[in-house]
Amino acid sequence: IELGVTTARVVHKTGIVGRETEEVRLSAIETVDLEQSTWGRLLGYGNVHVTGRGESSVLFARVADPVGVKRSIEAAYSAHIEHAKEPTNR
């Protein structure tokens, strides 16, 4: 399992022989939701669900430090939006 946040997208890859990849572009993110049970809060794990425009979504299930994961995604989203607002020098 690979989970990642790049400067352009949020990615979730699974599989060793067969491969499945889910991704949502940062510009398409609508919500970043965090779900933690009581045990998850005590033991430091939870689910982070990223939804994008249309049908796209990525679920990071049972990740360590879900609050940190959510903050990382939100920081990447904010940086992407700020970069998109900058005028280009051409």
Side-chain angles (χ1 to χ4, degrees):
I1 296 176
E2 292 179 50
L3 310 170
V5 180
T6 71
T7 57
R9 58 185 46 93
V10 176
V11 182
H12 180 242
K13 296 180 182 179
T14 57
I16 296 172
V17 176
R19 193 79 159 163
E20 183 176 326
T21 303
E22 300 172 289
E23 47 184 67
V24 175
R25 289 174 303 152
L26 291 177
S27 60
I29 290 177
E30 289 189 348
T31 62
V32 181
D33 296 322
L34 170 66
E35 300 168 358
Q36 269 188 304
S37 65
T38 303
W39 284 109
R41 287 193 57 137
L42 291 171
L43 299 175
Y45 70 90
N47 298 332
V48 178
H49 191 209
V50 180
T51 55
R53 291 186 200 108
E55 302 272 328
S56 61
S57 69
V58 174
L59 175 63
F60 296 127
R62 296 176 300 281
V63 294
D65 188 23
V67 174
V69 171
K70 180 179 180 186
R71 285 185 185 145
S72 294
I73 294 168
E74 290 172 339
Y77 174 78
S78 295
H80 180 78
I81 296 303
E82 288 301 316
H83 180 71
K85 289 181 182 177
E86 293 175 1
T88 57
N89 295 327
R90 292 185 183 182

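The shown structure was predicted, so the numbers you read here are calculated from the model rather than taken from an experiment.
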*Asks:* Going by the side-chain hydrogen bond (donor to acceptor under 3.5 Å, both in side chains) test, which pairs reach into residues 20-31, not counting sequence neighbours?
*Replies:*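 Checked against side-chain hydrogen bond (donor to acceptor under 3.5 Å, both in side chains) - neighbours excluded - the pairs reaching residues 20-31 are Arg9-Glu23, His12-Glu22, Thr31-Thr51.
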*Asks:* Given the rule that I, L, V, M, F, W and Y join up when any side-chain heavy atoms are under 4.5 Å apart, are Val63 and Val11 in one cluster?
*Replies:*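 No: no chain of side-chain contacts under 4.5 Å links Val63 to Val11.
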*Asks:* How close do Val48 and Pro66 get, heavy atom to heavy atom, and via which atoms?
*Replies:*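 Taking every non-hydrogen atom into account, CG2-O, 3.6 Å.
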*Asks:* Test of understanding: clusters of I, L, V, M, F, W, Y form through side-chain heavy atoms closer than 4.5 Å, transitively. Do Leu59 and Val50 belong to the same one?
*Replies:*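 Shared cluster, no.
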*Asks:* Which heavy atom in Thr6 sits nearest to a heavy atom in Ala76, and how many Å separate them?
*Replies:*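 The answer is O-CB, 4.2 Å.
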*Asks:* Are Tyr45 and Val5 joined in one hydrophobic group, where the rule is that I, L, V, M, F, W and Y side chains link up if heavy atoms are under 4.5 Å apart?
*Replies:*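 Not linked; separate clusters.
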*Asks:* Flag yes if Val67 and Val58 sit in one hydrophobic cluster, no otherwise; membership is Ile, Leu, Val, Met, Phe, Trp, Tyr, and two members link when side-chain heavy atoms are under 4.5 Å apart.
*Replies:*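 Yes, Val67 connects to Val58 through the hydrophobic network.
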*Asks:* What is the minimum heavy-atom distance between Val24 and Ile29, and which atoms define it?
*Replies:*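 Minimum heavy-atom separation between Val24 and Ile29: CG1-CG1, 3.9 Å.
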*Asks:* Check Gly46 against Gln36 and note the closest heavy-atom contact, atom names and distance.
*Replies:*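 Looking at all heavy atoms of both residues, the closest pair is CA-CG, 3.9 Å.
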*Asks:* Heavy-atom count around Ile1 CD1 within 6.0 Å, excluding the residue itself: above 12?
*Replies:*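 No - once you tally the heavy atoms of other residues, nucleotides and ligands closer than 6.0 Å, there are 12 at most.
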*Asks:* In the structure I gave you, are the side-chain heavy atoms of Phe60 and Ile73 within less than 4.5 Å of one another anywhere?
*Replies:*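 SC-SC contact between Phe60 and Ile73 confirmed.
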*Asks:* CG of Leu26 to OG1 of Thr7: how many Å apart, nearest 0.5 Å?
*Replies:*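 Going from the CG atom of Leu26 to the OG1 atom of Thr7 covers 7.5 Å.
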*Asks:* Output the distance between atom CZ (Arg71) and atom CG (Asp65), rounded to the nearest 0.5 Å.
*Replies:*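 The distance works out to 8.0 Å.
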